[in-house]
> 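Questions regarding the structure given below will be posed in turn.
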Amino acid sequence: RDLHRQVEDADYASEVLAAHVHDLRGRLAQHTGDVPEAPAEALRSGATIRLDLARRRPLENAPPVLGIRSGRCGSCGVVEDVVNTRVFAELGKIYCSKCWRDWERCGWGGALI
């Protein structure tokens with residue numbers, strides 16, 4: 001609950017600072033035509049920033065869900081092509097698209113979702 005309140009406070013501070021940046025750019029534009037663009041990060045909301053960070057954060061830092069403790073393919077070990085929308089629940093593993101394709105073609109049946 002305390003963390004939720006801190007996030008709300010940070011979101012509010014982010015919004016206030018973005019409005020301040022916009023105001024300062026407007027005032028500067030009255031005196032010069034050479035007004036730098038605001039950084040893209042300054043114009044994004046706190047929720048958008050958190051979503052981007054969550055996408056970048058490797059799965060190893062996330063708490064295990066369904067027993068999945070790694071963001072690596074459970075067969076070949078790659079990280080780049082891991083399918084995050086499908087899991088093998090019995091083994092608690094995720095796999096890359098190549099390994100899923102191989103599994104589907106091997107005749108042992110489909111993975112549990």
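Reckoned from all heavy atoms, side chains included, excluding hydrogens, waters and symmetry mates.
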> Report the distance from atom CG of Leu17 to atom CG of Leu24, rounding to the nearest 0.5 Å.
10.0 Å

> How close do Val78 and Cys96 get, counting heavy atoms only, and between which atoms?
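For Val78 versus Cys96, the nearest heavy atoms are CG2-CB, 3.6 Å.
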
> Show the nearest heavy-atom pair for residues Val82 and Arg72, with the distance to one decimal.
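Shortest heavy-atom contact: CG2-C, 4.2 Å.
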
> State the CH2-CZ distance between Trp103 and Arg86, to the nearest 0.5 angstrom.
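Output value for this atom pair is 10.0 Å.
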
> Starting at SG of Cys99, measure out to CD of Glu104 and round the result to the nearest 0.5 Å.
11.5 Å

> As an exercise, state the distance from OG of Ser75 to NZ of Lys93, rounded to the nearest 0.5 Å.
9.5 Å

> Under the 4.5 Å side-chain heavy-atom rule for ILVMFWY, direct or indirect, which residues accompany Tyr12?
Val16

> Give me the ring orientation class for Trp100 and Phe88: parallel if the planes are under 30° apart, tilted from 30 to 60°, perpendicular past 60°.
parallel

> Any idea which heavy atoms bring Pro36 and Leu28 closest together, and the distance?
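Smallest heavy-atom distance, with atoms named: CD-CD2, 4.2 Å.
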
> State which residue, out of Val87, Thr85, Asp81, fulfils the side-chain contact (heavy atoms from CB on, under 4.5 Å) condition with Val83.
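For Val83, the side-chain contact (heavy atoms from CB on, under 4.5 Å) check succeeds only for Thr85.
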
> So Ile94 and Asn84, do their side chains get closer than 4.5 Å, heavy atoms only?
yes

